[in-house]
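Just follow the structure's listing: the first ligand is 1, and inside any ligand the first atom is 1. Computed from a predicted model, the values in this text were never measured in an experiment.
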Amino acid sequence: MEDVKINSIINDINEKMKNVEGLNELYALKVEYTGKKGIITELQSGIKEATDKKAYGMSLNKIKTEFNSKYQEKEMEINDRILKEKLESERIDITLPSKRIRRGTKHPMTMTIEKIEDLFVSMGYDVVDGPELESDEYCFERLNLPKNHPARDMQDSFYITNEKLLRTQTSAVQARYMESKKEPEPIRIIVPGKTYRRDDDASHAPQFGQIEGLVVDKKENNVSLADLKGTLEIFARTMLGDDLDIRFRPSYFPFTEPSYEVDVTCFKCHGKGCNLCKETGWIEVFAAGMVHPNVLRDNGYDPEVWGGFAFGPGWDRITMFKYGIPDIRLLYQNDIRFLKQFDRKDD
Ligand code: DAH
């Protein structure tokens, strides 16, 4: 084969390769050269007529090598380009903001309890628990409420047997806690817990929550009514408003003497008088008093040596006041539309 012819075939190959854009075109070119009737295939069969077979073979090889190397080069180039285009089109933009995940919220009562616990723990109290299925003995008898005591009528109870009932008050834990001490020792506890009574209207639910408080110390340390007042003042101001005052009204509870109902300045009208406080300027929030000597004695504390105070607000009421909730039943229905309103409204 003459040099001129080889060169022109190789030039042709290079020229055509240059213009190839996609894989299909490349495959077509392969057929054009190496297919059954391809240019190279035909040249191969021309060897029979060649006078200098060796020289012809060498020339042929040169053409083949050129074709193959250009072919591979092109194939790689096209594949690279396809891959790049694919990566580009499938790129994930990690800077896009993610879909908003709905988060749950704490129940308003949980927020109330947590805040009260934080406050009392900061004042050195322990948080204590007790059974909800309670015995008549701890719920009443050890709290100066013997069987047939008329003050039992103040609490409509759920009895399971004659001796077992769903506790009507967290005060039961006062007795349990005092009795649990081998030797009397000073006590400073709060007892947040569920309580049960046969009540059911807009301001009473059959299950509700109380937070019992009990402080007992040696008489010589003078735990007094003033301490009770100061404690409830801090309680009311932390939960309901910095500028509120409290007032004590005489009342009766068998387990305290003297006993009080404790009002807080109406946080809606600040004492002026409104529909919430029934024009009185005050709202009843706490029940409290100085621990009755019988309660101390019946639970292992000598009332000549020991004394203290107790209090027991309902946490539902505090929650309702704190967040302006008009009906106690909303707290127990788990209606998502209601609960969603407390999203991160911790204060
Ligand atoms: N346990 C009482 C009730 O449920 C409330 C109460 C009153 C608790 C006076 C006390 C207290 O600790 O001292 O009606």
(message) Quick check: R197 and ligand 1, any N/O pair under 3.5 Å apart?
(response) yes
(request) May I ask you to check if ligand 1 and G213 share an N or O to N or O distance below 3.5 Å? (result) no
Between [Y] and [X], does any NZ, NE, NH1 or NH2 come within less than 4.0 Å of an OD or OE carboxylate oxygen?
| X | Y | result |
| --- | --- | --- |
| K62 | E66 | no |
| K147 | E163 | yes |
| R237 | D245 | yes |
| D263 | R247 | yes |

contact_flag [X] ligand 1 heavy-atom lt 4.0 Å:
| X | result |
| --- | --- |
| A288 | yes |
| F255 | yes |
| Q210 | yes |

(request) Tell me which one of P254, A287, A172 gets a heavy atom nearest to atom 6 (C) of ligand 1. (result) A287
Which ligand 1 atoms are under 4.0 Å away from a heavy-atom of [X]?
| X | value |
| --- | --- |
| G289 | 13 (O) |
| S171 | 1 (N), 8 (C) |
| G312 | 5 (C), 8 (C), 10 (C), 12 (O) |
| A310 | 12 (O), 13 (O) |
| T256 | 13 (O) |
| Q169 | 1 (N), 2 (C), 3 (C), 4 (O) |

(request) Could you check atom 12 (O) of ligand 1 against the protein and tell me its nearest heavy-atom contact, residue, atom and distance included? (result) E212 OE2, 2.6 Å
(message) Under a 3.5 Å distance rule, please check whether R297 uses its side chain to pair with a backbone N or O of D302 as donor and acceptor.
(response) no
(message) Is it the case that the ring center of Y33 lies less than 6.0 angstrom away from the ring center of F67?
(response) yes
(message) Can you tell me if N19 has over 12 outside heavy atoms packed within less than 6.0 Å of its CG?
(response) yes
(request) Taking the side chain as every heavy atom from C-beta outward, state whether F253 and M154 have any pair of such atoms under 4.5 Å apart. (result) yes
(message) Are the side chains of I211 and F120 in contact, using a 4.5 Å heavy-atom criterion?
(response) no
(message) Please work out, at 4.0 Å between heavy atoms, whether the side chain, the backbone, both, or neither of Q174 comes within that distance of ligand 1.
(response) side chain
